[in-house]
2 protein chains.
Amino acid sequence: METGQRLRRAAVSLFARHGYAAVSMRQIAAETGVQVGALYNHTTDKQSLLFDLLSDHMDDLMAALDQVVLPADPVLALEAFTRFHLRYHAERPDAVFIAYMELRNLTPENFMQVESQRRAYEARLEEILRRGKAGGVMHVADVKLACLAIIALLTGVTTWFRPAGRLSQAEVEDIYWDMTRRLVDA
Amino acid sequence: METGQRLRRAAVSLFARHGYAAVSMRQIAAETGVQVGALYNHTTDKQSLLFDLLSDHMDDLMAALDQVVLPADPVLALEAFTRFHLRYHAERPDAVFIAYMELRNLTPENFMQVESQRRAYEARLEEILRRGKAGGVMHVADVKLACLAIIALLTGVTTWFRPAGRLSQAEVEDIYWDMTRRLVDA
DNA sequence: ACATTAACTGAACAGACGTTCAGAGCAAGA
DNA sequence: TCTTGCTCTGAACGTCTGTTCAGTTAATGT
């Protein structure tokens, strides 16, 4: 595998486990199987390495969501969104973890960029909730709050879910969709 | 104010803003209004400073919950728990933030201790859900998952809530209790 | 008035940090 | 065969890290 890719993989894994600030470029180099200096052929510095990981993650997430056809019916659209979110996040727990934990280690400009990508993603969910409320098929006291609540609810899964655990991914998905549905049931 | 207390306050504030690993003892000293060496009159080292903050936070949280009289009726008990959780966490956003974010920076033994304190707290919620399910007054597909979902839902509030924001604390509390109730409505 | 104690300063320690760079190694193109 | 262009190593840079400690300061108890 090419060094640039190994570098990113190593960084994602180490950042997720110990945090951006706690991981040194030397550790990343060791995990990549290369000397420190060589890393700088593939990234300009540590900060932009983090930024690229987060920004690319948000791009990928958004692109993947765009591939999902959301039904016109708001409740069905919410189900599609919920299942997509759970599935996508379950497949890359490390990247997700970093994307939510390491925002504060970005420089202000980099933070603003990633933050706006995150808001664009949440806007998709908000739109579904808004339509569900307007159509009277959902009970949503406050669209913004419901959106944040659902995101927090769903994303929390990544902190404890293990494929070898008590419940399979499909079971978790079903139970979480059930809870999400109830949250906004008319 | 006594130095030991100023030290803890400074550490909580700085750890919440930048993360444990990103904050140096010199920064903490500056914020405390003292030279670096003086910190070591009040803590043995950086790691136990973090551990004490987290462990004491969990102790305080548990002690505060113990003061709340939880009604016998599971739904009323859930409401009491929900409102308590939201209120307690809204009052100390920094400490809460650290307690959830800096767990991975604890040594294994310290982590296990804090983790068990956290589980003890969650066990209170689980017990309420179990009783609600057994009594048929709640719909709970999986007690453990519902517990984790509710905790994630409620704790997520601290990441965005600002007293000067669009909604007052009481309004947020009401809306979140409404969503929590719906989540487990029979 | 003196002794004791605790808290603080300021400097020092060894090691780790992010980053740079001269030179080695090697593959591709002329 | 020689040159060009990457990618790598290995060492070095200045700075910052957590922690220690001799010595100053000030308050307390006798």
Side-chain angles (χ1 to χ4, degrees), chain A residues 1-56 98 101-111 113-114, chain B residues 1-56 98 101-111 113-114:
Chain A
M1 200 197 309
E2 149 200 354
T3 306
Q5 200 176 134
R6 290 207 320 276
L7 160 59
R8 287 162 182 279
R9 269 207 231 288
V12 167
S13 166
L14 287 169
F15 288 167
R17 221 164 341 159
H18 305 109
Y20 172 77
V23 172
S24 72
M25 292 301 272
R26 282 165 182 82
Q27 285 176 265
I28 298 174
E31 184 95 352
T32 308
V34 106
Q35 296 297 320
V36 204
L39 297 184
Y40 290 85
N41 289 320
H42 304 92
T43 186
T44 66
D45 54 21
K46 197 188 177 189
Q47 167 67 209
S48 64
L49 172 58
L50 176 64
F51 172 67
D52 288 344
L53 290 178
L54 297 205
S55 187
D56 289 354
I98 295 174
M101 297 280 272
E102 302 297 352
L103 286 169
R104 62 178 164 180
N105 285 309
L106 292 172
T107 60
E109 314 89 66
N110 287 347
F111 172 78
Q113 151 113 32
V114 175
Chain B
M1 200 196 312
E2 148 200 355
T3 305
Q5 200 175 135
R6 288 207 319 277
L7 161 58
R8 288 163 183 278
R9 270 208 230 287
V12 167
S13 165
L14 287 169
F15 288 167
R17 222 165 340 159
H18 308 293
Y20 172 77
V23 173
S24 71
M25 292 301 272
R26 281 165 183 81
Q27 285 176 266
I28 298 175
E31 184 95 352
T32 308
V34 107
Q35 295 297 319
V36 203
L39 297 184
Y40 289 84
N41 290 319
H42 304 92
T43 186
T44 65
D45 55 19
K46 198 188 177 190
Q47 167 67 210
S48 64
L49 172 58
L50 176 64
F51 171 68
D52 289 344
L53 290 178
L54 297 206
S55 186
D56 289 354
I98 295 174
M101 297 279 273
E102 303 298 351
L103 286 169
R104 61 178 165 181
N105 285 309
L106 292 171
T107 60
E109 314 89 65
N110 287 347
F111 172 78
Q113 151 112 33
V114 175

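Order of the sequence lines sets the chain letters (A, B, ...), proteins ahead of strands, with each chain counted from 1.
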message: In this structure, how many angstroms lie between the C1' atom of dT19(C) and the CD1 atom of Ile28(A), rounded?
response: 13 Å
task: Sequence neighbours left out, what passes side chain to side chain contact (heavy atoms under 4.5 Å, CB included) with Ala30(A)? Give chain and number order.
output: none
task: Locate the shortest heavy-atom distance separating Lys46(A) from Tyr20(A); write the atom from each residue and the value.
output: NZ-O, 3.0 Å
message: Can you list everything that forms a side chain to side chain donor-acceptor pair (under 3.5 Å) with Gln47(B)? Sequence neighbours excluded, please.
response: Asn110(B)
task: Not counting sequence neighbours, which residues clear side chain to side chain donor-acceptor pair (under 3.5 Å) with Arg104(A)? List them please.
output: Glu102(B)
- prompt: Who are the side chain to side chain donor-acceptor pair (under 3.5 Å) partners of Ser48(B), not counting sequence neighbours?
  reply: Thr44(B), Asp45(B)
query: What residues form a side chain to side chain donor-acceptor pair (under 3.5 Å) with Arg6(B), not counting sequence neighbours?
result: none
statement: Contact check, residues 2-10 of chain B vs DNA chain D, heavy-atom distance under 4.0 Å, returns none
field: Protein proximity profile, nucleotides 14-25 of chain D - base contact B, sugar-phosphate-only contact S, no contact -, cut-off 4.0 Å on heavy atoms
entry: ---BBBBB----
Report all side-chain donor-acceptor pairs from residues 9-18 of chain A shorter than 3.5 Å, counting only partners two or more places apart or in another chain.
residue	atom	partner	partner atom	Å
Arg9(A)	NH2	Gln5(A)	OE1	3.0
Ser13(A)	OG	Arg17(A)	NH2	2.7

Those residues that, when tested against Phe111(B), pass side chain to side chain contact (heavy atoms under 4.5 Å, CB included) (two or more places apart): Leu103(B), Leu106(B), Glu115(B)
Taking only nitrogen or oxygen atoms into account, show me every contact under 3.5 Å that the protein makes with nucleotides 23-27 of chain C, one pair per line with its distance.
none

